[in-house]
Amino acid sequence: MYINHGSRIKSRHIVTNKALHSHDICPPVSDVDFQNEVSGYNMAGFIGDINDDSSDKELSMHLRMLRMHFKLRHLNTGCYLFSHKVKLPKWGFNQQEVTYNKNAVKANLL
């Protein structure tokens, strides 16, 4: 997939068709003021809103998932997609918590 610098990106999970979505609220596990919750949703007939939109941080590129690093910036909050070692509880199947981070200098920005 080719992405131009500044393109609007709406991310959807292939199997569930849920949209990547965020608001300016704390995530479910991390209780820090520099991270926002990331969730997924799918409502029939709803095409989404600005809280689904991200943009690329890099220059124009041919995106090769799993083969390259890139940064996604949430358009509404200006935060960057972020993953860390914090695990969700049993209801989240002990998966890593993914958030949007207001501090862009963190080394593990996605």
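Given the structure is predicted, the values throughout are model-derived calculations rather than measurements.
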Exercise. Does the side-chain contact (heavy atoms from CB on, under 4.5 Å) test come out yes or no for Tyr80 and Arg73, once each step is laid out?
Worked result: CA-CA 4 Å; Tyr80 292 86; Arg73 182 177 174 270; 3.5 Å; yes
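- Ring geometry, His23 versus His21: the interplanar angle exceeds 60°, so the pair is classed perpendicular (tilted spans 30 to 60°).
- The shortest distance between side-chain heavy atoms of Thr99 and Leu81 does not fall below 4.5 Å.
- Side-chain heavy-atom separations under 4.5 angstrom define the hydrophobic clusters, and the remaining members of the one that includes Val86 are Val29, Leu88, Trp91.
- Within a 6.0 Å radius of CG in Asn17, other residues, nucleotides and ligands contribute more than 12 heavy atoms.
- Judged purely by atom type and a 3.5 angstrom limit, Lys18 has no side-chain atom pairing as donor or acceptor with the backbone of Arg12.
- Side-chain contact check for Gln35 versus Ile25: every heavy-atom pair is 4.5 Å or farther apart.
- Scanning all heavy atoms of the two residues, the minimum distance from His84 to Gln96 falls at O-NE2, 2.7 Å.
- The minimum heavy-atom distance between Ser22 and Asn36, with the atom names listed, is OG-CB, 3.8 Å.
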Determine, step by step, whether Glu97 and Ser30 satisfy the side-chain hydrogen bond (donor to acceptor under 3.5 Å, both in side chains) criterion, reporting the C-alpha distance in whole Å, the side-chain angles of both residues, the deciding distance to 0.1 Å, and the verdict.
CA-CA 8 Å; Glu97 181 181 55; Ser30 296; 2.4 Å; yes
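- Of the inter-residue distances, the one linking Leu20 atom CG with Leu72 atom CG reads 8.0 Å to the nearest 0.5 angstrom.
- At a threshold of 4.5 Å between non-hydrogen side-chain atoms, the residues Glu37 and Pro28 count as touching.
- The aromatic rings of His74 and Tyr100 sit tilted relative to each other, their planes meeting at an angle between 30° and 60°.
- The ring-ring contact (aromatic ring centres under 6.0 Å, His included) check on His13 picks up nothing, with sequence neighbours excluded.
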